[in-house]
Amino acid sequence: MRSSKVLVLILALVFVLAIAVACGDNGEPAATPTPAPPVVVEPDNNDTTGDAPDLTQVEVEPEEVVLEPIPRAPGLIYSFSTDAFFQNADQGTTGMDYVIGGSDYLQQAGNPSWTVVEGPNGNAIRLSQRQNHWDSLDIETSAFDWDPANNQYLLTVIGRLDEGATMRINGADGPYTVYDYVELEQGGRFTLSTVIDADAIAVMGGRQRIRVQAYPETVDIYIYDVSVTNYFPRAEGVVYSLSSDPFVQSLNIGVVGVANVLASPNIGQAGNPTWTSIEGPYGVAIQNSNREANWNALDIETPTLNWDLENNTYLLTVRGHIASGGTAVIGGADGPHTHFVEVETDDNGYFEMSLLLDEEQVAAMGSRRWIRILSTCTNVMQIHEITIAVQ
C-alpha cells in the first residue's frame, strides 16, 4: 500500500515539472522568437539578362555629315552638277528640305511639291502640285562668287514641260522683270538664258533672286539644269563657237590636262593625247599633242547644243594648224567613222574646213551623234576656232 502512494507522488511531480517546462519560468508563457530579417540580394550590374540599363555605356552623338565641295571648272560660277547638297540627294527624294534645303543657291517660292528625278545629266527637279504661278524655284544670285559690277555672266535654265505653257525666268520681287521666256504649245524641252550684269541686278528686286516659273500655274515643271558661266558674246545665229565657250576662254594660257582644257560640255577627247590651252588668233585655242594615233582627236558633243535640226541646217567651220602640215578631217566619232571632209593644210600648216549639217548628216556621225576633228597623221594639231551657225 505504501509503495503505491509513493508511485502516485512521483507521477504527480513529473507532471508538474512538465507543465513548468511548457509554460516557462514563473508560469508565464514563453516569448515568441523574433523572425530573422529577409535576405536582400543586390542586383548584379554585369548581368545583361535583366531590364536594368547598362550604366557603363556612354551615348555618342551622331557626327554631322560634311559634304565635300565639287570643284568647278574655270568659267563656271554655278551648275546643278556642282551643287554638292543637291547632287548628294537620292533620286526619288521628296520635300523641299531634302531636295534643296541645304543648298546656298536654290530657294523655295510658294509651296510646291519637290522631287529629285532623273535628268539627262544626273539629278533634276520636278515641281508639282503647284497652286499659284509663283509656286516655283528661286535662284539665289547673291550667293554666287561673281562680280557683276565689272563682268558679264550667262545664266541658263534648261528643263521640260509635259503640257503647253509659257515658261519664263524673272525677278522674284518687284518690279518682277522678265529676263527671258518661251511659249510651248504642246510642252517639250525649253532653254532660257539671260546675260547678268550690274544693270540686270538693279532691276532684279530686293533679294536678288531670279524665279523659274510657268503659266498656267498648275503645270508641272522639270528643271534639268541651272548654270551660270562667264559670258563671251557670240555672233548672231551662232549656236556654238570655241571663241565664246566660257570653259575654254576662261583658261590661263599653258593649262595642261583634259579635266580643265576640255571641261566644256560641248567638247570631249578621243584617245589619250595631251591637251594644252594656248594663245590663238581668236582667243584661247586648244593644242592636241602626244598623239599615238590619228584618231586621238577633239570631239564635238552635239547633243548638248541648243539647236533645232528638225527645222534648220547649220554650217560647221573649223580653223586650225597642223605642225609640218598634213590633212585635216571632219568625221564621225563612232562607226563607221566616216570622213566627211578632208582638207590639206597650206604651206604654213594652216587649214579651214566646213560641213553643212542637218538631221540626216548628224545621224550619219554614229550612235552618239558626235563630230570628230582629227587628221590623217599624228602631228601636233591646234584647234583655233569652231563655229556652228544657222543657215
Side-chain angles (χ1 to χ4, degrees), residues 59-73 76-146 148 153 155-162 165 167-174 176-177 179 190-194 196 201 204-215 217-229:
E59 184 176 352
V60 179
E61 295 184 3
E63 294 184 4
E64 182 180 355
V65 177
V66 178
L67 298 177
E68 289 291 333
I70 301 174
R72 296 192 175 105
L76 179 63
I77 308 303
Y78 173 79
S79 69
F80 267 13
S81 62
T82 58
D83 190 315
F85 181 87
F86 179 55
Q87 288 306 312
N88 276 277
D90 294 330
Q91 292 180 6
T93 298
T94 59
M96 187 275 292
D97 288 340
Y98 301 102
V99 176
I100 64 166
S103 173
D104 295 330
Y105 310 97
L106 307 174
Q107 301 289 339
Q108 171 171 264
N111 191 31
S113 293
W114 297 80
T115 307
V116 177
V117 297
E118 183 179 3
N121 300 301
N123 281 355
I125 292 175
R126 182 181 70 211
L127 296 172
S128 58
Q129 299 182 15
R130 302 174 59 242
Q131 303 297 317
N132 307 283
H133 63 82
W134 62 80
D135 289 344
S136 55
L137 170 74
D138 280 355
I139 303 167
E140 186 71 77
T141 69
S142 62
F144 294 146
D145 183 17
W146 62 359
Y153 303 88
L155 183 147
T156 304
V157 179
I158 300 173
R160 176 176 62 83
L161 301 177
D162 284 337
M167 195 71 210
R168 76 186 199 186
I169 51 177
N170 49 258
D173 305 298
Y176 302 104
T177 304
Y179 294 99
F190 65 83
T191 299
L192 302 171
S193 61
T194 186
I196 302 294
I201 294 289
M204 193 173 290
R207 293 178 296 174
Q208 296 186 18
R209 293 181 179 180
I210 288 183
R211 183 159 295 166
V212 181
Q213 58 190 64
Y215 297 87
E217 58 269 12
T218 56
V219 65
D220 288 359
I221 305 175
Y222 292 80
I223 303 176
Y224 293 152
D225 192 19
V226 173
S227 65
V228 180
T229 61

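Among all heavy-atom pairs drawn from H133 and S136, the shortest one is O-OG, 4.2 Å. V116 approaches A89 most closely through the heavy-atom pair CG2-CB, 4.0 Å. In terms of heavy-atom proximity, L106 sits nearest to S103 at N-OG, 3.5 Å. A pairwise comparison of heavy atoms in T191 and I158 identifies OG1-CG1, 4.0 Å as the closest pair. Here the closest non-hydrogen pair linking V99 and F86 is O-CD1, 3.6 Å.
When the options D135, D173, D138 are evaluated for a salt bridge (charged side-chain N to carboxylate O under 4.0 Å, His left out) with R211, the one that passes is D138. Put simply, the residue from L192, N170, T141 that forms a side-chain contact (heavy atoms from CB on, under 4.5 Å) with I210 is T141.
Counting only distance, with no hydrogens or angles, the side chain of S81 and the backbone of S79 share no donor-acceptor pair below 3.5 Å. Here the side chain of T93 pairs a donor or acceptor atom with the backbone of D90 at under 3.5 angstrom. Using a distance-only test at 3.5 Å, with no hydrogens or angles considered, no donor-acceptor pair links the side chain of N123 to the main chain of F80. Not one N or O on the side chain of D145 forms a donor-acceptor pair closer than 3.5 Å with the backbone of I77.
Residues V117 and Q91 form no side-chain contact, since every pair of their non-hydrogen atoms from C-beta on lies 4.5 Å or further apart. Between R126 and I221 the shortest side-chain heavy-atom distance does not fall below 4.5 Å. Y215 has its side chain out of reach of M167: every pair of non-hydrogen atoms, C-beta onward, lies at least 4.5 Å apart. Looking at M204 and R209, their side chains never come closer than 4.5 Å, going by heavy atoms from C-beta outward. Put simply, the side chain of I139 reaches to within 4.5 Å of the side chain of V157, judged on heavy atoms.
In this structure, a donor-acceptor pair under 3.5 Å is present between the side chains of Q129 and S113. Between D220 and S128, the side chains place no donor N or O within less than 3.5 Å of an acceptor N or O (distance only, hydrogens not considered).
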Apply the test side chain to side chain contact (heavy atoms under 4.5 Å, CB included) to residues I196 and I201: give CA-CA distance (whole Å), side-chain angles for both, the deciding distance (0.1 Å), then the verdict.
CA-CA 7 Å; I196 302 294; I201 294 289; 4.0 Å; yes
Apply the test side chain to side chain contact (heavy atoms under 4.5 Å, CB included) to residues L137 and I100: give CA-CA distance (whole Å), side-chain angles for both, the deciding distance (0.1 Å), then the verdict.
CA-CA 10 Å; L137 170 74; I100 64 166; 4.3 Å; yes
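Every side-chain hydrogen bond (donor to acceptor under 3.5 Å, both in side chains) that Y224 has, sequence neighbours left out, goes to R160.
Atom-to-atom distance recorded for D83:CG and D225:CG is 10.5 Å, nearest 0.5 angstrom. S227 contributes atom OG, which lies 7.0 Å from atom CG of L76 (distance to the nearest 0.5 angstrom). Atom CE in M96 sits 13.5 Å away from atom OG1 in T115 (nearest 0.5 Å). Annotation: the span from F190 atom CZ to L161 atom CG amounts to 5.5 Å, rounded to 0.5 Å.
Remark: E217 does not engage R130 in a salt bridge, criterion side-chain N to carboxylate O under 4.0 Å.
Within the structure, the ring pair (Phe, Tyr, Trp, His ring centres under 6.0 Å) test picks out the following pairs touching residues 98-125 (sequence neighbours left out): Y78-Y105, Y105-F144.
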